[in-house]
Amino acid sequence: MSDKDGSQQLWTGRFTEATDRFVEAFTASEHYDRRLYREDIRGSMAHARMLAACGVLSAAERDAILQGLEEIREEIERGEFEWSPALEDVHMNIEKRLTDRIGEAGKKLHTARSRNDQVATDIRLYLREAITLIRCELLRFQSGLVELAEREADTILPGFTHLQVAQPVSFGHHMLAWYEMLVRDQGRFEDCARRLDVMPLGAAALAGTSFPIDRRMTCRELDFSRPADNSLDAVSDRDFAMEFTAASSVLMTHLSRMAEELILWASPMFGFIELPDRFCTGSSIMPQKKNPDVAEIVRGKTARVHGHTMALLTLMKGQPLAYNRDNQEDKEPLFDTVDTVRDCVRAFADMIPSLETRPEAMYNAARRGFATATDLADYLVRKGVAFRDAHAIVGAAVRHGEETGQDLAEMDLETLRGFSATIEEDVYRILTLEGSLAARDHHGGTAPAQVRRQVEAARHRLTALRLSASP
Ligand code: ARG
C-alpha cells in the first residue's frame, strides 16, 4: 500500500500529494453509509466464497477473509470499530480493517470487483429488507383499520364532498377507504421489491471483469433472483431507489390525508372522535388544549419524503453512464425516507385502534347538513318524477329547512307535500340516516351489511398480503 504521506487511503499509488483536508472530509460518506455495514460484509463474504470456488482465491485465503469479516462485524456491533473519514466510505473502512487484521489475504478481497458494483449491491440488499419491514408495519396498520371498521360498521358519519355534508356513510366504510389506499401502497412496494431483485456484483467498475467469475453463485448466496444483464446499467442504475421514494411519497400523501381528517374530526368544532391522550400533547399556555400532534407531525413529515423523491430524481437526471460520484448522494435521502415512513406508519398503527368515536356528534352533523336530500330526490324519481325536477323540488325543501332550522325528516307530511304531492307517509323511512345507509346495499356501497362483507374480504386479503410481504 502506498503511504507517501502517512495517509490511509487505498488508492494513492498514482498521486504525488496528499488529499486536501477539506476535500477528504467533503468527499467522505462513512459517517452515513456505515449504516450499510451488514450488507457490505454480507456481499463481501459472498464475493470471497465465489472467488474461491472459481480458483481466484485459495481456500485458506477465503477462510481468513470470512473469519476476519465476521470479527469486524462483531467489532462494529460492539461499538469498538474505529471509523475513519480518511478511508472515505463503509467499503474501504472495512477492507482496510480486514487487511490490518489478516494481512495479504485481505488485500485480495477486492479482486474482480469495484466499489461501484459493491455499493449498488449493498443498497439493494438494504432496501430489500427495509421494504419488508415497512410492509409488515403497513399490515399492522391495515389490520387495525379493518378491526375498527367492523366495530364501527353501524356508526353513521356525515360523508363529505367539498368538506360540505353530502350523504351519510358508515364510519367503518370510511376506515375501509383508508385500508384500500394502503392496499395499493402495498402493491407499489411489492412491485419495487420485485424490480430491485437483480444483482449488480460482477459488473465491477463498469465493464465487468477479466477474472473467471460465477455470478450465479453470488446471486444464490445473496438471495437475488438473477444477475444484472448489463454491467453499465448495473453500476449506474438507481431507479429502484427513485421508485422506492416515489412509492413512499404516495404512501405519505395518503397518511397525510388521513392525518388531516383525524385533525378535523378531533377538533371540538367537529367532535367526531377522541384521540387517546397518550398520542396528544398539551399547550404550554392554554390549559384547555389537547393537540393532535402525532397526526400533524405525520402530515408535516410528508414534506420531507416528497423532498427526497425530488432529490433522487434530480440527482440522476444529468448523469451520463456509468457510475458517477454523484450517486453517493443517494444514501441520505434514501435512509431518511426509510426511517420517516417506518415511524409514520408505526405511529398510525399504534394510535388508530384506540381511537374513540362520538356517534352522536356525527349523527347531529349529518342531520344538520340535510344528508338525506339525495334520498328524497331518489324517492321522487321512484314515484315517477324526472330526476332534474326531483332535484329542484328537494332544493326548495332544503331552502325551507334552512329558514326554519329543520331537517327534512323533521318536517311534517303536509309541509313536504307542499313541495310535491307525490310525497306520502312512507317518505319517512328513507329520510332517516339509517334508511339512507341501508339503501346503499351493493358491492362497494356504504350499507353496514356491505361494510361487514368488505371486512371479511379484507381479512382474507390481509392473510395473502402477509405471505407476500414476508421474505
Ligand atoms: N461511496 C461511493 C458511493 O456511495 C462508492 C464508491 C465509489 N467511488 C468511486 N470513486 N468510484 O457511491
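Indexing begins at 1, ligand by ligand and atom by atom, following the structure's order. Quick note: numbers below take in every heavy atom, side chains included, and nothing from hydrogens, waters or symmetry partners. Along the sequence shown, residues are numbered consecutively beginning with 1.
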Ligand 1-proximal atoms of Glu88, by part, heavy-atom distance under 4.0 Å: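 The answer is neither.
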Per-residue contact class, Asn116 against ligand 1 - non-hydrogen pairs under 4.0 Å: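 Contact part for Asn116 vs ligand 1: side chain (C-beta onward).
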Close-contact set for ligand 1 against Ser29 heavy atoms, below 4.0 Å: 1 (N)
Residue pair [X] / [Y], side-chain donor-acceptor N/O under 3.5 Å:
| X | Y | value |
| --- | --- | --- |
| Gln67 | Glu71 | yes |
| Gln319 | Asn324 | yes |
| His110 | Arg113 | yes |
| Thr155 | Thr357 | no |

Give me the nearest non-hydrogen protein atom to [atom] as residue plus atom name, then the distance to 0.1 Å.
| atom | result |
| --- | --- |
| atom 4 (O) of ligand 1 | Lys331 NZ, 2.5 Å |
| atom 1 (N) of ligand 1 | Gln328 OE1, 2.8 Å |
| atom 12 (O) of ligand 1 | Tyr323 OH, 2.4 Å |
| atom 10 (N) of ligand 1 | Arg115 NH2, 3.6 Å |

Find out whether the Lys NZ or Arg CZ of Arg35 is both under 6.0 angstrom from the six-membered ring centre of Phe335 and within 45° of the ring's axis. yes
Are any of the N/O atoms in Asp89 less than 3.5 Å from those in ligand 1?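 Looking only at distances, the answer is yes, because the N/O contact criterion of under 3.5 Å is met.
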Please identify each residue that fulfils side chain to side chain donor-acceptor pair (under 3.5 Å) with Arg38, with sequence neighbours left out.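 For Arg38, no residue satisfies side chain to side chain donor-acceptor pair (under 3.5 Å) once neighbours in sequence are set aside.
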